[in-house]
Structure formats: C-alpha cells, structure tokens
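For reference, the structure discussed in these notes is given below.
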Amino acid sequence: MMITCFGKSRISGKLRKRDSSSTSSPPRNWTSKDDNTEEEGSKIIFFGGKNHSFDLDDLLSSSAQVLGKGAFGTTYKVTMEDMSTVVVKRLKEVVAGRREFEQQMEIIGMIRHENVAELKAYYYSKDDKLAVYSYYTQGSLSQMLHGNIGMYDRVPLSWDARLRIATGAARGLAKIHEGNNGRLIHGNIKSSNIFLDSQGYGCIGDIGLTTIMRSLPRRTCLTSGYHAPEITDTRRSTQSSDVYSFGVVLLELLTGKSPASPAVTDAEHGGENMDLASWIRNVVAKDWTGEVFDIEMLSESGVEDEMVEMLQIGLACVGVKQQERPRIAQVVKLIQDIRSTE
Ligand SMILES: Nc1ncnc2c1ncn2[C@@H]1O[C@H](COP(=O)(O)OP(=O)(O)OP(=O)(O)O)[C@@H](O)[C@H]1O
C-alpha cells in the first residue's frame, strides 16, 4: 500500500467485490475477506490532511450495520477496530463517469463547516462507489420528529430545540451554496438528511450527490413533498429549489408533520391528500395560522410569535415562483433575527 501525503493522501488499495447480501441489519463484516477483486487505478481518496484514523483495509474489515436504504444507495454505520465510527454510503445509480464523479467529490470534500456533514473519503471503481462521512450519533431530524411511534416514546422537541436545528441547518446550506464558486447545490434537502451536532444545531448531510446520480422518478418528486414544483429532473436541481426544500423542512419543524405523509389532508377538498406546503398555505389563507403548529409545543408559553415568524420564513421559501424565493443567506439572517441571541 502506498501513501503519499500532500495535505490530501492518495492510498492505493483493493476494494473487495461488493457483497450483495450485505443488507442485513446485525453488525457484521461487510465484505468477504477472500474476495480479492482488484481494479486497476481504483483508490480511496481521503480529505482533511494526513491524520487518517483508518485506511481502506480497516474500512473493509470493519463491522457494518445498515442504517437504511435511500434513493442513492445503502447507508452503513461502520465501526472501526479503534471504535471510531463513520458512515459509508454505497452509491448505486451513479451516472457520472469517473472524472465527473471525482471532480464533484473534490468540490464536496473542500467544504468544511460545523453545520455540514464532513465528506472524509470516497472511492470509485467500476463496480463500487463509496462515500465516507462523519457519523452523527443522535440520528436524523426525521427520526426525531417522526421516529419510533408506537414502539417507545419519542423525546418531544421543544421550540428552542427546533429553532437551533433550523439555525444550524440554514447556516450549513448557506455554506454549501458558497461551494464551487457559489454554484454548488445540494439537491436533496429533507429531514432525513439533517442531523444534530453535540449542541443541538442542525447539520446538513448527503451533500452534492444529486447531480452525479440518476434522476429520481417524477412520481417520487411529486410524492416526497420536498421537491420544488418546477423540478422535473433532479439532476437539474437549483439553489432556488434547495431553498424550497429547506422551506418544507421549516414547515415540518413547525407542524411536526411529515411532508410525505398522507396525514396531511384538507377537509374542504374532500379529505384529499395535499403536500405540506399547499396545506399550510391553505390554512394560513383562512387565518387559522395558530392551528398548524405541532401540539407538542402548545404548552410552551411566549413562543407563538417566534413560531409565526418562522412560518412566514418557511412560506417565503416554498414560494411557487422561483424568483420570489429568498436566497439561503437571507434565510439565515431572518432565522437568526427571530431571536437575537441565537
Ligand atoms: N452521517 C450520518 N450519520 C447518522 N445517520 C445517517 C448519516 N447519513 C445517513 N444517515 C441515516 O441513515 C439512513 C439511510 O440514509 P440514506 O441517505 O441512505 O437514506 P434517506 O436519507 O432516507 O434517503 P436519500 O437517499 O434520499 O438521502 C437514514 O435514516 C439517515 O438519516
């Protein structure tokens, strides 16, 4: 194995062939030791200086647990021998060639911000594409808002906690939009891609994959509740469509409702399912604003004005006309102004 250190090390190594049975949940070694398929020129690329706590062999021989399967592949929590933990995303449906894939990863790898999940390393071979991220122990915002219902009690999220999550996530997205000379987009902002740091601020994960992956089916976009109405090809997402998706997350934080959930119905339209943004526009137009907020926060006193301010920011973000949506830097400022101490 050859290691060269130029701030970012390139380590040549072998990636054992993908193991299609690696989707079981119990911790296990996720590649088979005796499968030594090697592809010439394939190497794992690390970011962030030469002090890596693991290399490719460590990664491949570690226990992995499936965290979930998303549109872009399977996500594993990998625990190394030294007990450090990373998240490895095994990407499927990559449509970019090696060069475009590497260029995109280089752009993402440059982003270092406390509210953005760090891309630690990536790997590209004909059969396998991996992205390695830092692991967030507290799970995603989606799990916090909607998880584990019926199994055991969720910890309710206070308004303060939600405000912090929104503040951090907005800062993270603003940093992402500064990437690639101000042209970088995320393309898949949603609550399962937002995590919490140790102080409870939101952090954005899964950066920059959308443009190198196959476009999501139109139906998925229509039913997810997160995609801006103008998006017909997710590879052509824009910063403005990111702002729309971020607005949906704000509305999700305020209402506690999942944008993809059929629980969002409109009685006046015969109980028809409608997306979260449309439902809230409807309710607000009828001047029933107070009724949209998550009942979990109803017992908190003196916060309704702040929630109404956030609702206005969310509604501006989910504007149907792209040109009327604010830029994310403006959204950061508006959210910070809700409470000047944040
Ligand atoms: N860095 C991370 N730390 C902790 N949990 C993570 C991390 N990245 C992803 N997860 C969790 O792993 C699970 C699977 O994630 P994955 O990204 O594959 O799917 P998704 O978020 O549901 O959909 P999509 O592929 O569209 O992003 C989700 O519950 C997600 O919140």
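Counting convention: from 1, in listed order, for ligands and their atoms alike. Computed from a predicted model, the values in this text were never measured in an experiment.
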*asked:* The test is side-chain hydrogen bond (donor to acceptor under 3.5 Å, both in side chains); show your working for Tyr135 and Ser84 and say whether it passes.
replied: CA-CA 9 Å; Tyr135 172 66; Ser84 62; over 6 Å; no
*Kindly indicate, with the supporting measurements, whether the criterion side-chain hydrogen bond (donor to acceptor under 3.5 Å, both in side chains) is fulfilled by Ser125 and Asp128.*
CA-CA 5 Å; Ser125 75; Asp128 231 351; 5.6 Å; no
_Thr210 vs Phe72, test: side-chain contact (heavy atoms from CB on, under 4.5 Å). Steps then yes/no._
CA-CA 8 Å; Thr210 311; Phe72 297 150; 4.2 Å; yes
*Please list, chain by chain and in numerical order, all residues satisfying ring-ring contact (aromatic ring centres under 6.0 Å, His included) with Phe246, sequence neighbours excluded.*
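Once residues adjacent in sequence are excluded, Phe246 has no partner under the ring-ring contact (aromatic ring centres under 6.0 Å, His included) criterion.
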*Can you name the closest pair of heavy atoms from Leu251 and Leu315 and give their distance?*
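That closest heavy-atom pairing would be CD2-N, 4.3 Å.
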*Going by the angle between their ring planes, with limits at 30° and 60°, are Tyr136 and Phe195 parallel, tilted or perpendicular?*
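Because their plane-to-plane angle is under 30°, the rings of Tyr136 and Phe195 count as parallel.
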Does ligand 1 have any N/O atom under 3.5 Å from a protein N/O, and what are those pairs and their distances?
| from | atom 1 | to | atom 2 | distance (Å) |
| --- | --- | --- | --- | --- |
| ligand 1 | 1 (N) | Ser134 | O | 2.9 |
| ligand 1 | 3 (N) | Tyr136 | N | 3.1 |
| ligand 1 | 17 (O) | Lys89 | NZ | 2.6 |
| ligand 1 | 18 (O) | Gly70 | N | 3.3 |
| ligand 1 | 18 (O) | Thr75 | OG1 | 2.5 |
| ligand 1 | 21 (O) | Ser192 | OG | 2.8 |
| ligand 1 | 21 (O) | Asn193 | OD1 | 3.3 |
| ligand 1 | 23 (O) | Lys190 | NZ | 3.2 |
| ligand 1 | 25 (O) | Ala71 | N | 3.0 |
| ligand 1 | 26 (O) | Asn188 | ND2 | 3.0 |
| ligand 1 | 26 (O) | Lys190 | NZ | 2.7 |
| ligand 1 | 27 (O) | Asn188 | ND2 | 3.3 |
| ligand 1 | 27 (O) | Asn193 | OD1 | 3.3 |
| ligand 1 | 27 (O) | Asn193 | ND2 | 3.3 |
| ligand 1 | 27 (O) | Asp206 | OD2 | 2.8 |
| ligand 1 | 29 (O) | Gln143 | NE2 | 3.3 |
| ligand 1 | 31 (O) | Ser192 | O | 2.9 |

